[in-house]
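Please read the structure below before turning to the comments.
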Amino acid sequence: MKFSDETLLAYLEGNAEEGQAEAIEAAVADDPTLESRLMALDPLAPVVHRVFSAVPSEAPKVELPEPQPSLPSAAGAGVMRLLAVAASVSVIAVSATFWATRPAELGWAQQAAIYQSLYTPDTISDMDDSPAALDAQFAKAEAQLGRSLNRDVLEDLPGLDLKRAQVLSFKGKPLVQVVFADAEGRPFAFCVIKQGDAAQNTEVAQAVLSGLATAKWTQDGYGYMLLGGDDQADLTNELDTLRGVFTG
Amino acid sequence: MSNETSSEQAVRAAIQIHSKRVWRFGLALSGASDIADDLLQATCLRALERHHQVTSYERLDSWLMTICRSIWLNELRSRSVRKAQALSVTPEAELVATGPDVETNIFAAEVFNRVMELPEAQRETVMLVFVEGYSYRETAAMLDVPIGTIMSRLSNARQKLKTVLQHDEADTVRRSGK
């Protein structure tokens, strides 16, 4: 049986339709490819991985007995050393293979989409969007990014109600998520990441990520992304406006 | 003789490479960093004693994890269980407070605490799959349960963890003075 990404994601989010969860679990038992797809789509795995991979912060101490005395002859010791090196290399190679065959690491856009996909209308309905709160949030966000977020433009986007600017971080790079409520109160977001001068400019690329329509582009060291409230969201108007304003 | 020596060297190398993840797994099992220290130390000594059992240098990492879990279940768990329960009250959140800003640290601590509060079977499964990157079937083999059990444990854990991000939002709102 074939399962779409949407079906798998619904399963991972606990929203699978009647009977689907059992069908997926049964299919995974015989299908390592499906298993890999499912693992790569899991929205919680990267969040938990990130937190725990920093623990412990330093390599823990282990006290081991000294290795057994090596052979008396010089030739024998040389062989031993070679074997030891061969053994260590094989362990490292295995370890490297393991890491290489893990599900591909997610980029900032996928991570931001996963995070955003967990937002519900309830998440944003109670946000403090008073001018004072937004002033403070934008000041902080703009300082982190080292550029203006053109708040006046964001506040004037038709059909969108500015709710909050939040500073996040992706691999040490500041990532700002600006959240809006659309006319129906659903979450909508605009993200900006400071990527540095080495980042290549890219044209607008649209994709459905984590069930959200998204549009992403890179210009002059910053990455930008719009995230709609669902996979059908039309981003055209916002895209036109923001592409014109965020030119670098 | 040479085979024996090379397997010992391989185990020593594996200990060097994987000590962090064994310690982390020990922390997840026991819920206390001093027990994780003991578990790591005991695991490494046991692995060295048994280096002659190593027939393949592949997957020495999962071999170490299996030894760690077996020592926990058979030798340390009953002694430590009171301590482990205490953890859910006073989690060792300072272990994760290494992020660049307060909000990140609060969020990381929240994720850390929620994982550590999971029931033990879910917690060890989450650690092996989400944190250490083992596949469902590798984890099933390590824990000696069917793959379906691994998936249902993860489903249950996801249900408990998915509120973390929403809680994070609520906290942010509260802190901002609403």
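The analysis underlying the following values was restricted to heavy atoms, covering all of them including side chains, and did not include hydrogens, waters or symmetry mates.
Contacts with chain B were tallied for A:Asp122, A:Val48, A:Val167; A:Val48 has the most, counting heavy-atom pairs under 4.5 Å. Options B:Thr43, B:Leu154, B:Val22, B:Leu40 differ in how many heavy-atom pairs under 4.5 Å they form with chain A, and the most are formed by B:Leu40. The choice from A:Pro65, A:Ala136, A:Ala59, A:Ser130 that makes the most heavy-atom pairs within less than 4.5 Å of chain B is A:Pro65.
Taking both residues in full, the closest heavy atoms of B:Tyr134 and A:Met39 are given as O-CE, 3.3 Å, listed atom of the first, atom of the second, then distance. B:Gln159 and A:Glu13 make their closest contact through NE2-O, 3.8 Å (heavy atoms, listed as atom of the first residue, atom of the second, distance). Here the closest heavy-atom approach between residue B:Ser19 and residue A:Pro60 is recorded as O-CG, 3.6 Å. Shown here for A:Val55 and B:Arg24, the closest heavy-atom pair between the two residues is O-CD, 2.9 Å. Counting all heavy atoms, side chain and backbone alike, A:Glu25 lies closest to B:Ser155 at OE2-OG, 4.0 Å. Contact between A:His49 and B:Val131 at its shortest, heavy atoms only, is ND1-O, 2.9 Å.
Heavy atoms of B:Ile150 lying under 4.5 Å from chain A are absent altogether. Contact of A:Lys140 with chain B is made through the side chain alone, with heavy-atom distances under 4.5 Å. For B:Val126, the part sitting under 4.5 Å from any heavy atom of chain A is the side chain, from C-beta outward, and nothing else. When heavy atoms are compared at a cutoff of 4.5 Å, A:Leu12 approaches chain B by way of both its backbone and its side chain. Using a 4.5 Å cut-off between heavy atoms, A:Pro32 touches chain B through backbone and side chain atoms alike.
Atom CD of A:Glu17 has 12 or fewer heavy atoms from other residues, nucleotides or ligands within 6.0 Å. Shown here is B:Asp144, whose CG atom has no more than 12 heavy atoms of other residues, nucleotides or ligands within 6.0 Å.
A donor-acceptor pair under 3.5 Å is formed between the side chain of B:Gln41 and the backbone N or O of A:Glu63. Checking side-chain atoms of B:Lys20 against main-chain N and O of A:Glu58 turns up no donor-acceptor pair under 3.5 Å.
A:Glu35 has a carboxylate O that lies under 4.0 Å from a charged side-chain N of B:Arg137, or vice versa, which qualifies the two as a salt bridge. We find that A:Asp42 and B:Arg158 are joined by a salt bridge, their nearest charged nitrogen and carboxylate oxygen being less than 4.0 Å apart.
The only option from B:Trp23, B:Phe25, B:Phe112 that meets the ring pair (Phe, Tyr, Trp, His ring centres under 6.0 Å) definition with A:Phe52 turns out to be B:Phe112.
At least one side-chain heavy atom of B:Met151 sits under 4.5 Å from a side-chain heavy atom of A:Tyr11. B:Phe130 has its side chain out of reach of A:Arg50: every pair of non-hydrogen atoms, C-beta onward, lies at least 4.5 Å apart.
In this structure, CG on A:Leu64 lies 5.0 Å from CD1 on B:Ile15, to the nearest 0.5 angstrom. Separating the CD atom in A:Glu22 from the OG atom in B:Ser152 is a distance of 10.5 Å, to the nearest 0.5 Å.
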